[in-house]
Amino acid sequence: MAALAKTFLTITAEAPFDFEQTVTAHGWVALLPNHWNNQSKCLERIQQLTDGQVVQMTISQAGSADSTEIIVHVNHTKSLTTDGKEEIIKIVRHMLRLDEDFSALYAIAGKKGAYYEPMMQGFGRLLRSPTVFEDLVKTICTTNIQWGGTKRMIKEIIDAFGHPFAADSRQKSFPSAWDIAQKDFKTFNAKTNLGYRTDYIHLLACRICNGELDVESFLNPAIKTADLKKKLLAIKGIGNYAAATMLMLLGHYDALPVDSVFREFVFKKYFKGKSVPQARAEKIYKGWGKWKYLAYWYDMTR
DNA sequence: GTCCAGGTCGCGC
DNA sequence: GCGCGACATGGA
């Protein structure tokens, strides 16, 4: 076992900020290499850095629940360079969306009455992955499968192609597009049981690596939602539902999802269990402008 | 054994 | 542009 060194990094978020709400806002926290320790209220994650080193990050909130101080406890086996430290901070800021401004959302929430008021305490930061690639793979693995299946498939991908943490080789990072693309389809298929999603994920990795597709550029905030949706739908395996999920993860909240969960929730809460057309269901959140998805998500998870 | 999952693709019209 | 069957896999 390699010797372990520890480094503490701190990050200050802007108020209002709610660490636990942010991390557990949706299912991603339960997908490897993320792990939520509910006792210690820490988000643990194995992460490979640009220089190749694989580290273990334990992310938590300092002090009380309304503190804006975030501590990243890094376990590493090689020395952590200044670049490495900066990269970790950048990754954590990205995952927790510390640079997103929700003040316009809270302004609407403040006018919607008591039910939506708690939103103003930092709701809206939905946990995301360090890369768009990882979010795409995870989203593809939520289609036409139950949640247990999603967790199994993501674990298989990581076990087969992730990079081990030197101090505990059972724990691995999420593989890069290159890690997957460098295996031929047969090898990739043999090591995972992703059903027909195997083709989609391998093709996605290959197209990223050969330069056909630059999915990280999807993070550019200047891209209009409609254009971004087109780019997403052009990816094999991404349809209407998956594109809506990805738009949410990419910080575009103006579109509502089109999946069974959305429909069921809205029918039950607003239409006495009766099904109505999608357009009618969407009217429920029309007062939320470009924040519709977050209004729905708040309503759904409350 | 059989059904189906927070769908998507590719075809035919 | 819309309807419809096929699609891999494992868990209920």
Side-chain angles (χ1 to χ4, degrees), chain A residues 24-32 34 126-129 132-161 180 183-207 212-213 215 218 226 228-250 252-271 273 275-282 284-285 292-302:
Chain A
T24 61
H26 68 127
W28 261 209
V29 69
L31 296 180
L32 291 172
N34 295 333
L126 310 178
L127 184 71
R128 61 179 163 182
S129 303
V132 176
F133 173 68
E134 182 176 330
D135 276 340
L136 279 166
V137 171
K138 287 180 169 173
T139 299
I140 289 171
C141 287
T142 63
T143 58
N144 198 26
I145 193 88
Q146 296 178 88
W147 185 238
T150 303
K151 291 202 278 192
R152 171 186 58 80
M153 292 191 288
I154 297 302
K155 184 177 185 335
E156 283 179 9
I157 291 170
I158 289 171
D159 284 346
F161 306 106
I180 290 172
K183 312 283 179 195
D184 58 37
F185 180 82
K186 237 177 126 182
T187 311
F188 181 63
N189 190 31
K191 293 198 170 205
T192 51
N193 297 289
L194 313 180
Y196 57 80
R197 300 167 199 80
T198 312
D199 305 62
Y200 303 153
I201 290 168
H202 192 258
L203 180 65
L204 172 65
C206 289
R207 292 181 65 197
E212 258 180 77
L213 204 54
V215 297
F218 293 1
L228 192 50
K229 190 173 179 187
K230 273 183 212 155
K231 288 172 190 275
L232 288 162
L233 289 173
I235 296 172
K236 224 176 170 186
I238 302 284
N240 241 326
Y241 150 77
T245 301
M246 281 305 302
L247 285 174
M248 171 274 280
L249 290 169
L250 290 163
H252 293 247
Y253 309 111
D254 36 338
L256 285 159
V258 285
D259 59 40
S260 53
V261 173
F262 169 77
R263 289 190 291 270
E264 226 170 274
F265 169 72
V266 173
F267 297 165
K268 196 172 172 199
K269 180 160 180 184
Y270 297 100
F271 297 95
S275 79
V276 300
Q278 177 82 10
R280 177 97 191 276
E282 293 197 355
I284 297 294
Y285 303 104
K292 289 186 196 74
Y293 196 107
L294 290 179
Y296 152 65
W297 196 250
Y298 176 87
D299 196 13
M300 229 266 303
T301 54
R302 198 133 187 254

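Note: A/Tyr285 OH to A/Asp299 CG = 3.5 Å, rounded to the nearest 0.5 Å.
One interatomic measurement links the two molecules: OH of A/Tyr296 to P of B/dG6, which rounds to 12 Å at whole-angstrom precision. In this structure, CZ of A/Arg197 is placed 10 Å from C1' of B/dT8, rounded to the nearest angstrom. Atom CE of A/Met153 is separated from atom C1' of C/dA8 by 10 Å (rounded to the nearest Å). Counting to the nearest Å, the P atom of C/dT9 and the CD1 atom of A/Ile154 are 16 Å from each other. Atom-to-atom, CG of A/Asn144 to C1' of C/dG10 comes out at 12 Å; the value is rounded to the nearest Å. Following rounding to the nearest Å, A/Gln278 (CD) and C/dC2 (P) show an atom-to-atom distance of 14 Å. The distance between atom OH of A/Tyr196 and atom P of C/dG5, rounded to the nearest whole Å, is 17 Å. B/dT8 atom P lies 16 Å from atom CG of A/Leu203, rounded to whole Å.
Taking the six-membered ring where tryptophan is involved, the planes of A/Phe188 and A/Phe161 are tilted, since the angle between them lies from 30° to 60°. Ring-plane geometry between A/Phe262 and A/Tyr296 is classed as perpendicular, the angle between the planes exceeding 60 degrees on a 0 to 90 degree scale with a lower cut at 30.
Looking at A/Thr143, its side chain never comes within 3.5 Å of a backbone N or O of A/Thr139 through a donor-acceptor pair. Between the side chain of A/Glu264 and the main chain of A/Asp259, no donor-acceptor pair closer than 3.5 Å is present.
Neither OP1 nor OP2 of C/dA8 sits under 4.0 Å from any side-chain N or O of A/Thr198.
The base of B/dG7 is not paired with the side chain of A/Tyr200 by any donor and acceptor separated by under 3.5 Å.
With a 4.5 Å cut-off on side-chain heavy atoms, A/Ile140 and A/Met153 do not count as touching. Side-chain contact check for A/Leu203 versus A/Phe185: every heavy-atom pair is 4.5 Å or farther apart.
Within 4.0 Å of A/Arg263, counting heavy atoms only, lies no atom of the nucleic acid at all. Residue-level contact check: A/Ile140 touches neither bases nor backbone, having no heavy atom under 4.0 Å from any strand.
For residues 236-249 of chain A, proximity to DNA chain C is found at no residue, defined as any non-hydrogen atom under 4.0 angstrom from a strand atom.
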